[in-house]
2 protein chains.
Amino acid sequence: MKHLPDKTVERLSQYRRSLSNILNTGKTHIFSHEIANLLHITPVQVRRDIMLIGYTGTLRKGYDIADLVALIGRIIDSDPGQRIAIVGMGNLGKAIIHYLHEIRSRLQIVAAFDINPDKIGKTYTSVLCYPMEQMEEVIAREEIRIGIITTPPEVAAAVASELIHAGIRGILNYTPKPLNVPDDVYLEEYDMITSMEKVAYFAKEG
Amino acid sequence: MKHLPDKTVERLSQYRRSLSNILNTGKTHIFSHEIANLLHITPVQVRRDIMLIGYTGTLRKGYDIADLVALIGRIIDSDPGQRIAIVGMGNLGKAIIHYLHEIRSRLQIVAAFDINPDKIGKTYTSVLCYPMEQMEEVIAREEIRIGIITTPPEVAAAVASELIHAGIRGILNYTPKPLNVPDDVYLEEYDMITSMEKVAYFAKEG
DNA sequence: AGGAAATTGTTATTTTTTTAACAAAGGATG
DNA sequence: CATCCTTTGTTAAAAAAATAACAATTTCCT
Ligand SMILES: NC(=O)c1ccc[n+]([C@@H]2O[C@H](COP(=O)([O-])OP(=O)(O)OC[C@H]3O[C@@H](n4cnc5c(N)ncnc54)[C@H](O)[C@@H]3O)[C@@H](O)[C@H]2O)c1
Ligand SMILES: NC(=O)c1ccc[n+]([C@@H]2O[C@H](COP(=O)([O-])OP(=O)(O)OC[C@H]3O[C@@H](n4cnc5c(N)ncnc54)[C@H](O)[C@@H]3O)[C@@H](O)[C@H]2O)c1
């Protein structure tokens, strides 16, 4: 499969989550306009996204929910599910670990790292916190491919370098400091302040 | 000023934050390519964004940092700064309040709401937590225009209705449940799982 | 002074994303 | 059995965003 558009991947992730919930209700098929209603987008967009991943529903019956969920799973995460490390076990880091554990996704945080001796060796929602010195070894051993950064912004760039050096392939940066990474490492950044200021601006305008 | 593109508003927010930091160093002017380097984007994009807000730099000297920061401020937030309420004082809610306080932005969280009696009446990083019943009154009194939702997903829709009923103009939803709001309320949603799955997908592909 | 280099502001082009349009399939209805 | 309705898959058009191109101006250098 060629590479999917950015936005399509985002929506696929959302489709899967909504559809997974519906599966439990016993419903087996769903129409594009029903999916669209769940996410408040248009049916065309849904059909187009589904077309891009090569799935095809049945006319007048819609899409087989279980099949679609399974296919999106195979596309988004590799088969056993992705293994993740998180660096910086402060407020945000702990909240994220807790959240991910509770939501039971196929994404799994399998290691935490920090420099604070009070945190090292502790377990947070069943994830053990290691010292930074063991990063390379742990990431290799646990086959971790993705890193989340929730340290103070001043050290974000250094942490990113260490992660990359340890062999990570993708980084999710929650620090407000924009990072610079090599082309073969995928970087996603999110800053809450930007979101809030965006709301502030557009709420003002109408 | 006509309405700015979505993405431009996001970048303006980032420009302001980076430039504010630089102001403290005594530097007074900056070139488009310097700004671009800070955020790892292209100089053209910077110039274009700045053009859109009607600011103009001086040739061969670049942009006056203080002026630009002030102008972006006038554009993004109304003059005294925006007042925000947050609903749901769990892990994420507390982390956000703490973060916003520490970063000292012009955005100000001035009220928190929860249903848990243990949390009501408490103060989190100097923000008082009110019971849900007082929402309408507090939002009016404090002139709050923006609401952040960090409750469990099951109650997100109900909370959004209450916020809107109380007169809020913009909502930032951190719950994984997509919301439906009237046209005159601006809605921004963010789900960490989607970000992580996006990284998972693109880290795999290369 | 005159030419070269740097840097902005703006228009043009390309790429990406969304939205619309519509033919084809299949079932439902009478 | 013929017709009508619904829903998919796909192509076409439109809108939004990013990138490139480049003229105009200022400073710098000789
Ligand atoms: N709290 C939020 O809601 C929030 C929101 C958006 C962004 N952020 C950003 O996320 C980051 C973390 O926020 P927080 O509130 O959790 O901060 P925090 O201070 O509570 O946590 C930071 C953690 O990083 C650890 N750390 C410090 N230096 C380190 C290093 N060199 N290597 C490894 N670990 C190190 C600290 O020991 C601490 O545990 C900050 O950059 C903040 O700006 C936070
Ligand atoms: N923790 C994270 O990092 C994280 C990340 C992404 C999304 N989320 C989402 O953010 C939300 C909050 O996460 P959390 O970890 O802070 O959960 P949490 O359970 O710690 O906090 C939820 C809070 O909401 C309050 N609440 C419950 N019902 C309410 C109601 N009807 N009105 C007002 N308040 C109510 C609870 O008393 C509690 O204080 C969840 O929807 C979660 O899925 C969390």
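Just so it is clear, the structure is predicted and the values come from calculations on it, not from any experiment. Residue numbering restarts at 1 for every chain, and letters A, B, ... go by the order of the sequence lines.
Panel note: side chain B/T175, backbone B/T150; no donor-acceptor pair is recorded below 3.5 Å. Using modelled atom types, no side-chain atom of B/H98 and backbone atom of B/T125 make a donor-acceptor pair closer than 3.5 Å. The main-chain N or O of A/G62 is found under 3.5 Å from a side-chain atom of A/T58 such that the two form a donor-acceptor pair. In terms of modelled atom types and a separation under 3.5 Å, the side chain of A/T25 and the main chain of A/N21 share no donor-acceptor contact.
With rounding to whole Å, A/I53 atom CD1 is found 14 Å from D/dG9 atom C1'. Remark: C1' of D/dA17 and CD1 of B/I41 are 13 Å apart, rounded to the nearest angstrom. Rounded to an integer number of Å, the gap from CE of A/M51 to P of D/dT11 is 7 Å. The distance from atom CD1 of A/I50 to atom P of D/dG9 is 8 Å, rounded to the nearest whole Å.
When heavy atoms are screened at a 4.0 angstrom cut-off, B/T8 is found touching no nucleic acid atom at all.
When every heavy atom of A/K198 is checked against every heavy atom of B/Y186, the shortest pair comes out as CE-OH, 3.5 Å.
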query = Could you run down nucleotides 19-30 of chain D 5' to 3' and tag each one B, S or - for protein heavy-atom contact under 4.0 Å?
reply = BBB---BBSS--

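Looking at B/V159, B/D114, B/I148, B/I115 one by one, the single match for side chain to side chain contact (heavy atoms under 4.5 Å, CB included) with B/V87 turns out to be B/V159. Results of the side chain to side chain contact (heavy atoms under 4.5 Å, CB included) test with B/N173 over B/I149, B/V181, B/T151 single out B/I149 as the only residue that passes.
In summary, contact between chain B and DNA chain C, defined as any nucleotide atom under 4.0 Å from a heavy atom of the protein, begins and ends at C/dA5 to C/dA12 in the 5' to 3' direction.
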query = What do the steps show when you test A/R141 against A/E136 for salt bridge (charged side-chain N to carboxylate O under 4.0 Å, His left out), and what is the final call?
reply = CA-CA 9 Å; A/R141 184 183 73 219; A/E136 193 165 355; over 6 Å; no

